Structure formats: C-alpha cells, structure tokens
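Side chains are part of it too, since the values below use all heavy atoms of this structure and drop only hydrogens, waters and symmetry mates. Please read these numbers as outputs of a predicted model, since none were measured by experiment.
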Amino acid sequence: MCLAVPGRVLEIEERDATRMAKVDFGGVVKDVCLEYVPDMQVGDYAIVHVGFALQRLDEESAKQTLELFENLGVLEEEFGDAWAKAARDAGAERPADTAPHATESADEEGRS
C-alpha cells in the first residue's frame with residue numbers, strides 16, 4: 001500500500017536546483033521534494049506521497065493522522081523493515097545476514 005503520510009519539515013536545502021527537505025514522519029526522517037509546495041518552511045507539516053510534499057497540513061491534523069496510522073500499523077508498513085515484514089508475513093524469521101547494518105556491526109566489533 002502506498003499512502004500519503006503527514007510529516008514535519010526539519011530542514012530545507014536546494015539540491016541540483018530542486019528544493020528538498022528532511023521530513024520527520026513520527027520518528028522516521030526521509031528526503032522529500034518541495035517543488036509542488038514551494039512556500040513550505042521549517043516546522044510546517046505536509047502531506048507527502050512517494051517523496052513529494054503535496055500540500056500543507058496543520059499540526060493537530062498531522063499529529064492525529066500519524067497517531068492513527070501508528071495504531072493501525074501503517075507506519076511500520078510504510079517505513080519499517082520490508083525484509084523483516086516479508087519474512088513475518090511468510091511465517092519465517094529473517095536470516096541474520098540480511099539484517100540492516102549487519103556488516104557495519106561486524107566491522108565495528110572488529111575495530112573494538
């Protein structure tokens with residue numbers, strides 16, 4: 001499922017002549033294009049779909065929607081670990097060697 005999710009703009013920058021933002025979706029931060037809503041400012045909330053901010057949203061509505069999505073498990077579905085979800089859905093556990101950052105952890109342990 002692909003949803004439009006509300007998020008809060010944390011920072012804005014211009015990248016390759018495109019206005020981009022770091023947006024917080026209830027704890028998950030993603031890069032978002034602001035070209036469709038050029039007047040967005042840091043601290044504003046936006047409805048975001050497939051990496052594009054589509055419209056501004058008031059803070060109360062954004063927080064209510066994020067809480068509802070979290071309670072329904074939609075945020076995990078949208079932003080969670082897709083490999084782990086697929087394994088759970090298939091009734092299996094995710095193999096340890098496919099876990100995110102597994103190589104980083106091994107590298108870090110080797111340096112300790």
Side-chain angles (χ1 to χ4, degrees):
M1 179 186 306
C2 202
L3 296 173
V5 180
R8 182 173 179 265
V9 176
L10 300 177
E11 59 185 67
I12 297 172
E13 66 180 1
E14 184 138 335
R15 259 188 258 156
D16 298 322
T18 302
R19 198 158 185 257
M20 298 292 293
K22 296 276 186 203
V23 176
D24 179 7
F25 299 95
V28 175
V29 177
K30 299 276 188 178
D31 288 336
V32 172
C33 177
L34 298 180
E35 290 297 307
Y36 295 140
V37 192
D39 61 338
M40 292 292 297
Q41 300 295 318
V42 171
D44 287 347
Y45 286 82
I47 295 290
V48 178
H49 181 64
V50 295
F52 291 87
L54 301 177
Q55 76 179 57
R56 180 176 282 103
L57 183 66
D58 66 274
E59 182 176 2
E60 184 60 32
S61 295
K63 287 181 177 181
Q64 287 176 352
T65 303
L66 283 170
E67 183 178 343
L68 177 63
F69 283 0
E70 186 174 348
N71 290 339
L72 293 172
V74 175
L75 290 180
E76 176 66 26
E77 185 176 319
E78 278 296 302
F79 300 117
D81 182 347
W83 291 109
K85 182 183 179 325
R88 280 194 310 274
D89 290 350
E93 289 194 29
R94 181 184 178 153
D97 65 340
T98 63
H101 312 295
T103 55
E104 292 175 13
S105 297
D107 290 344
E108 289 172 10
E109 288 174 13
R111 285 184 248 148
S112 301

Q: Measure across A46 and A53 and return the closest heavy-atom pair with its distance rounded to 0.1 Å.
A: CB-CB, 4.0 Å
Q: Would you confirm whether T65, through its side chain, and S61, through its main-chain N or O, come within 3.5 Å as a donor-acceptor pair?
A: yes
**Q.** Intermediate values then yes/no, side-chain contact (heavy atoms from CB on, under 4.5 Å), K22 and D31
**A.** CA-CA 5 Å; K22 296 276 186 203; D31 288 336; 2.8 Å; yes
Q) Do you know the tightest heavy-atom contact between C33 and T18? A) SG-CG2, 3.8 Å
Q: Find out whether F69 and V5 are in side-chain contact, i.e. whether some heavy atom of one side chain is under 4.5 Å from a heavy atom of the other.
A: yes
Q | Verify same cluster id: Y36, M40 (apolar side-chain graph, 4.5 Å) | A | yes
(Q) Which residues pass the side-chain hydrogen bond (donor to acceptor under 3.5 Å, both in side chains) test with E35, not counting sequence neighbours? (A) none
Q: Please check if F52 and V32 belong to a single hydrophobic cluster, counting links between Ile, Leu, Val, Met, Phe, Trp and Tyr side chain heavy atoms closer than 4.5 Å.
A: yes
Q: For the pair K63 and E59, evaluate salt bridge (Lys or Arg N to Asp or Glu O under 4.0 Å) and give the outcome as yes or no after the intermediate values.
A: CA-CA 6 Å; K63 287 181 177 181; E59 182 176 2; 2.7 Å; yes
Q: Flag the pair D24 and K30 as a salt bridge only when some basic side-chain nitrogen lies within less than 4.0 angstrom of an acidic carboxylate oxygen.
A: no
Q.
Working to the nearest 0.5 angstrom, can you tell me the gap between L34 CG and D39 CG?
A. 9.5 Å
**Q.** Cluster check I47, V37: I/L/V/M/F/W/Y, side chain < 4.5 angstrom
**A.** no
Q. In Å, rounded to the nearest 0.5 Å, how long is the span from CD of Q55 to OH of Y45?
A. 15.5 Å
Q) Between R19 and I12, is a side-chain contact (heavy atoms from CB on, under 4.5 Å) present by the stated rule, with each step listed? A) CA-CA 7 Å; R19 198 158 185 257; I12 297 172; 3.5 Å; yes
Q.
Quick test of your reading of the model: are D44 and R8 salt-bridged, counting only N-O distances below 4.0 Å?
A. no
Q.
Would you say that V48 contacts F25 through its side chain, given a criterion of any heavy-atom pair below 4.5 Å between the two side chains?
A. yes
Q: Please examine the side chains of V23 and V29, heavy atoms only from C-beta on, and report whether any two atoms are closer than 4.5 Å.
A: no
**Q.** Between CZ on residue R56 and CG on residue D58, distance to nearest 0.5 Å
**A.** 11.0 Å
